[in-house]
Amino acid sequence: MAAAMPAWTPPPAPSEAAKAKLPPLAIYNSLTRGKTPFVPLDPNAESVTWYACGPTVYDDAHLGHARNYVSTDIIRRILTDYFHFHLSFVMNITDVDDKIILAARQQHLLKHFIRRHETLDTSVLDETKRAFSQYLHKNLSLLPADTAATAFAQESETQYGHVLKGQPLANDGSAPGDKEAKVKMHLKTATSAAEALSQADMDIDSFYAKASGVLLPYLDSQLGHTIDAKDHSIFTALTKDYEDRFFSDMRALNVRAPDTITRVTEYGQQIIDFVKQIQDNGFAYDHDGSVYYDTQAWEASGGVYARLEPWNRNDKDLLADGEGSLSKDVKASFKRSPADFALWKASKPGEPAWDSPWGPGRPGWHIECSAMASNVLGRQFDMHSGGIDLAFPHHDNELAQSEAYWSKSGKESKQWVNYFLHMGHLSIQGSKMSKSLKNFTTIREALAKGTWTPRALRIAFLLGAWKDGLEITEEVVKAGNAWEERVNNFFIKARDLERNPTKSDSSDPLSPDGPVRQALQSAKFRLHDALCDSFDTPAAMRVIGDLITTYNSEKDVSDKLTFELAKWVNDTVNIFGLDAEPDATRIGWSGIDVPAAAEPFVYPLAGIRDQVRKQAIAGTIDPATILSMIKSATGLTTPLETPESKPYAEAAASWLSSLGELLAANAPPKSYLPLCDDLRNTTLWNLGIYLEDRDNQPALVRPLNASLRQERSNREALAALKLGKAEAAKLAKEKEEKERLAKGKLSPLDMFRTSEFSAWDDEGLPTKDAEGKDVAKSRSKKLKKDYERQKKLHEAWLLAAEAEGSKA
């Protein structure tokens with residue numbers, strides 16, 4: 001056997017001149033399972049080539065995809081915008097594979113079924129019942145085979161209730177994961193179908209919407225084989241739509257478009273030629289119209305198989321998953337090794353087919369990336385990326401087959417890719433978010449509902465290492481919100497200085513500028529170190545946060561230094577893609593301005609309010625100064641009103657009218673403060689604008705955000721709580737007083753006239769007990785005290801009754 005090639009070969013050392021250009025960047029490389037110095041293949045160390053595994057387009061992209069592609073975009077931006085590499089970025093679109101074929105075929109068959117059955121008749125119900133039973137039998141085996149739709153809810157609770165409550169399927173105390181997520185998915189689908197079958201008065205559209213989950217696989221099992229293999233439009237109709245939606249989602253997330261897009265269906269002949277070359281080189285064999293990669297032949301020639309995750313090379317589940325439907329339908333006994341995998345698959349009935357030397361077939365999953373990347377980028381390129389789940393078998397298979405395409409032996413082979421970057425997964429309650437588990441929130445759904453903004457989502461990913469898994473928890477959300485709020489406030493204050501300049505630059509090292517300038521210089525070094533350390537964005541985000549904290553801790557920092565610091569922060573967050581509309585001429589990112597239509601009204605109004613409030617607090621109102629300010633604010637006196645500006649114009653006119661009435665009435669100074677508060681707390685607040693009053697400074701004009709709304713909501717809740725406690729205390733006191741007065745209704749003359757005694761004096765005090773004996777002196781004293789207490793209570797009761805009577 002030939003000597004095996006090394007698991008990883010460092011790129012050729014650049015020239016001394018090129019080496020001088022290279023940053024001390026080290027990247028975590030899945031091939032070395034450690035941080036490796038980054039050296040591009042380009043002899044000038046200027047250009048970088050990168051191939052990224054793109055989406056399989058048969059459904060909308062979800063937040064798990066966002067984790068992958070946003071994190072990839074962040075690294076891509078750092079390489080180009082910070083390290084200034086010329087990057088060629090290629091992404092593929094998988095528009096034909098087992099999942100796409102199945103989804104497209106099922107949708108096609110369901111559409112035809114619906115066209116043939118436009119009314120909810122017996123035939124539709126009967127077919128759906130059969131589909132329901134088949135679905136339960138295949139996916140929810142704990143349920144009785146004859147479970148009726150009407151009994152499904154009770155049966156599923158009996159058999160799977162523990163899974164729905166978050167327990168493992170085996171009920172053995174282990175942590176739930178993908179298996180439990182899949183059960184929940186099937187329960188959800190079956191529940192929807194059971195509801196459709198149980199509601200007799202449902203309209204046909206609602207019925208199909210609820211029952212489609214069980215009808216799709218059923219119709220496919222009955223009619224899938226009838227699909228014309230040459231009619232590729234059946235399959236591309238689905239993928240074209242979802243490809244458009246994917247890139248629309250990426251634009252919404254501010255992810256840069258690839259420089260080059262490759263699609264599997266456009267590379268049919270290149271893929272066939274690629275497979276043929278591997279076979280001609282002696283590293284593939286065909287069987288029944290399919291072609292398989294020969295791992296043993298490759299290793300015998302000195303090649304290495306499974307360099308990324310060698311510990312998984314015998315994992316039957318991963319190997320089967322990599323083969324897709326082929327692993328279920330083909331006996332593996334003909335394989336020369338269990339690790340051998342399909343390069344080309346013979347098409348079965350119902351699958352698209354391309355003519356090839358081995359008969360009608362279609363590409364294997366792994367071969368598509370090898371053929372397309374090699375076609376665009378050549379024999380070697382710098383970087384390859386994808387989700388961590390692609391490391392084995394997908395990327396390991398890509399490596400082996402690509403090197404077998406370009407070489408006659410493994411010993412002579414060159415390393416196809418030098419750096420593999422695998423993005424960590426996004427998890428929900430311990431389970432990977434995925435289309436197949438249907439446990440996802442789509443990107444467009446999350447953005448439409450306001451669950452996430454593109455910036456907030458990117459911040460969450462930046463706060464976590466790109467290669468590590470990320471679970472969205474309350475703590476992650478809070479950390480992201482706090483970081484964004486800190487930067488927001490800094491930008492708003494810096495931008496306010498442009499309108500209201502304060503101080504000139506100071507060169508005195510003991511001035512507030514000294515510590516802040518030192519912090520800025522330190523931040524630049526720390527950021528560089530962080531980005532050179534395998535794109536350590538969590539550390540980079542801390543650098544920005546720490547710098548702003550230092551700035552906020554110093555008073556009287558000069559405007560010049562504030563603007564310098566703001567520009568650096570602005571440039572850095574733009575490198576990370578945190579502003580979808582970057583503008584080098586402004587301070588801060590988009591979204592911190594009040595609406596443009598509001599500016600001509602709000603800023604002059606805020607200035608007038610500042611003056612009125614200042615005078616009112618001082619206790620002297622100067623009408624002439626105030627009227628002069630109003631007159632000079634031409635935007636207020638002669639507004640250029642548009643439909644967008646109308647609400648602000650009306651608000652300004654109303655407030656100025658109220659101010660004019662107070663001035664005309666020569667109202668006392670304290671009368672102006674409620675008017676100032678009303679402009680801040682009600683008028684502008686309802687228009688989405690907040691005036692933040694500051695000591696000895698103009699009010700800060702800023703748009704409302706979730707944090708300000710929550711802060712106000714908390715204050716109102718606290719005030720309501722205090723008011724509630726005060727009201728409760730008042731009611732308790734009133735109740736106590738009523739009970740005390742009620743006790744006084746009994747006259748002291750009558751309080752002892754009971755069977756316990758037989759004689760009383762003129763005041764009603766007992767003199768004889770029930771047996772006619774004299775009451776003891778000690779007891780008489782006690783009775784006298786009780787008498788006096790009741791006398792006082794009775795007198796209070798009489799006064800209260802008299803007062804109540806006078807009211808009536």
Side-chain angles (χ1 to χ4, degrees), residues 30 53 55-56 58-68 71 98-99 102 135-143 156-192 213 217 308-325 327-328 365 386-396 422-443 445-446 451 460-461 464-477:
S30 296
C53 278
T56 302
Y58 66 95
D59 204 343
D60 278 328
H62 53 64
L63 293 181
H65 294 114
R67 163 64 166 160
N68 180 8
S71 295
D98 289 345
K99 293 176 181 177
L102 180 62
Y135 192 89
L136 298 190
H137 177 73
K138 181 178 180 181
N139 301 301
L140 297 168
S141 59
L142 296 183
L143 295 177
S156 61
E157 176 62 31
T158 300
Q159 300 298 333
Y160 292 103
H162 61 293
V163 177
L164 294 172
K165 292 173 183 175
Q167 299 300 314
L169 183 61
N171 224 347
D172 56 3
S174 60
D178 288 358
K179 187 182 296 183
E180 286 72 22
K182 189 168 289 188
V183 167
K184 290 179 181 179
M185 173 191 74
H186 291 314
L187 286 170
K188 183 178 180 181
T189 300
T191 297
S192 179
L308 290 166
E309 295 185 353
W311 55 87
N312 280 327
R313 65 176 291 156
N314 295 317
D315 188 311
K316 293 180 180 179
D317 290 337
L318 289 175
L319 291 170
D321 187 58
E323 293 298 85
S325 62
S327 66
K328 303 170 187 176
W365 173 31
I388 185 59
D389 58 323
L390 297 182
F392 184 88
H394 187 52
H395 287 160
D396 262 324
H422 289 110
M423 311 299 155
H425 280 145
L426 190 71
S427 299
I428 299 177
Q429 297 176 343
S431 180
K432 181 192 79 173
M433 187 179 291
S434 73
K435 290 178 183 177
S436 59
L437 294 177
K438 297 184 180 178
N439 64 338
F440 59 83
T441 301
T442 67
I443 293 169
E445 178 185 3
T451 310
F461 297 157
W466 57 269
K467 71 180 185 63
D468 295 338
L470 175 66
E471 181 156 12
I472 298 298
T473 63
E474 186 176 349
E475 289 73 21
V476 169
V477 173

Does a side-chain heavy-atom distance below 4.5 Å link [X] with [Y]?
{"X": "Leu470", "Y": "Ile472", "value": "yes"}
{"X": "Leu102", "Y": "Asp98", "value": "no"}
{"X": "Thr451", "Y": "Thr441", "value": "no"}
{"X": "Ile388", "Y": "His425", "value": "yes"}
{"X": "Ile443", "Y": "Asp60", "value": "no"}

(message) I'd like to check the salt bridge (charged side-chain N to carboxylate O under 4.0 Å, His left out) partners of Glu474; sequence neighbours left out, ordered by chain and number.
(response)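 Testing Glu474 for salt bridge (charged side-chain N to carboxylate O under 4.0 Å, His left out), a comparison that skips the adjacent residues, returns Lys478.
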
(request) Would you please name every residue forming a salt bridge (charged side-chain N to carboxylate O under 4.0 Å, His left out) with Glu445, sequence neighbours left out? (result)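 Scan of Glu445 (salt bridge (charged side-chain N to carboxylate O under 4.0 Å, His left out), adjacent residues dropped) gives Lys449.
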
(message) I'd like to check the ring-ring contact (aromatic ring centres under 6.0 Å, His included) partners of His422; sequence neighbours left out, ordered by chain and number.
(response)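 In terms of ring-ring contact (aromatic ring centres under 6.0 Å, His included), with neighbours along the sequence ignored, His422 is linked to His395, Phe420.
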
Between the side chain of [X] and the main-chain N/O of [Y], is any donor-acceptor distance below 3.5 Å?
{"X": "His186", "Y": "Val183", "value": "no"}
{"X": "Ser192", "Y": "Lys188", "value": "no"}
{"X": "Asp468", "Y": "Gly424", "value": "no"}
{"X": "Tyr135", "Y": "Gly213", "value": "no"}
{"X": "Gln159", "Y": "Ser156", "value": "no"}

Would you name the heavy atoms of [X] and [Y] that are closest together and state the gap between them?
{"X": "Ala391", "Y": "Leu308", "answer": "O-CD1, 3.6 Å"}
{"X": "Trp466", "Y": "Ser71", "answer": "CB-CB, 4.4 Å"}
{"X": "Pro176", "Y": "Gly166", "answer": "CG-O, 3.4 Å"}
{"X": "Pro168", "Y": "Gly173", "answer": "CG-N, 3.8 Å"}
{"X": "Ala460", "Y": "Val476", "answer": "CB-CG1, 4.3 Å"}
{"X": "Ser141", "Y": "Tyr160", "answer": "N-OH, 3.4 Å"}

For [X], side chain to side chain donor-acceptor pair (under 3.5 Å) partners two or more places apart:
{"X": "Asp172", "result": "Ser174"}
{"X": "Glu309", "result": "Asn312"}
{"X": "Thr473", "result": "Glu475"}

Measure the spacing between [atom1] of [X] and [atom2] of [Y] and express it to the nearest 0.5 Å.
{"X": "Asn68", "Y": "Leu390", "atom1": "CG", "atom2": "CG", "result": "7.5 Å"}
{"X": "Leu319", "Y": "Asn314", "atom1": "CG", "atom2": "CG", "result": "7.5 Å"}
{"X": "His65", "Y": "Met423", "atom1": "NE2", "atom2": "CE", "result": "14.0 Å"}
{"X": "Leu143", "Y": "His137", "atom1": "CG", "atom2": "NE2", "result": "12.0 Å"}
{"X": "Thr189", "Y": "Asn139", "atom1": "OG1", "atom2": "CG", "result": "8.5 Å"}
{"X": "Lys184", "Y": "Lys179", "atom1": "NZ", "atom2": "NZ", "result": "14.5 Å"}

(request) Mark yes or no: Arg313 above the aromatic ring of Phe392, with NZ or CZ under 6.0 Å from the six-membered ring centre and no more than 45 degrees from the axis. (result)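 Verdict for Phe392: no cation-pi partner in Arg313.
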
(request) If the plane angle is over 60° it's perpendicular, under 30° parallel, otherwise tilted; pick one for Trp365 and His394. (result)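 Parallel: the ring planes of Trp365 and His394 meet at under 30°.
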
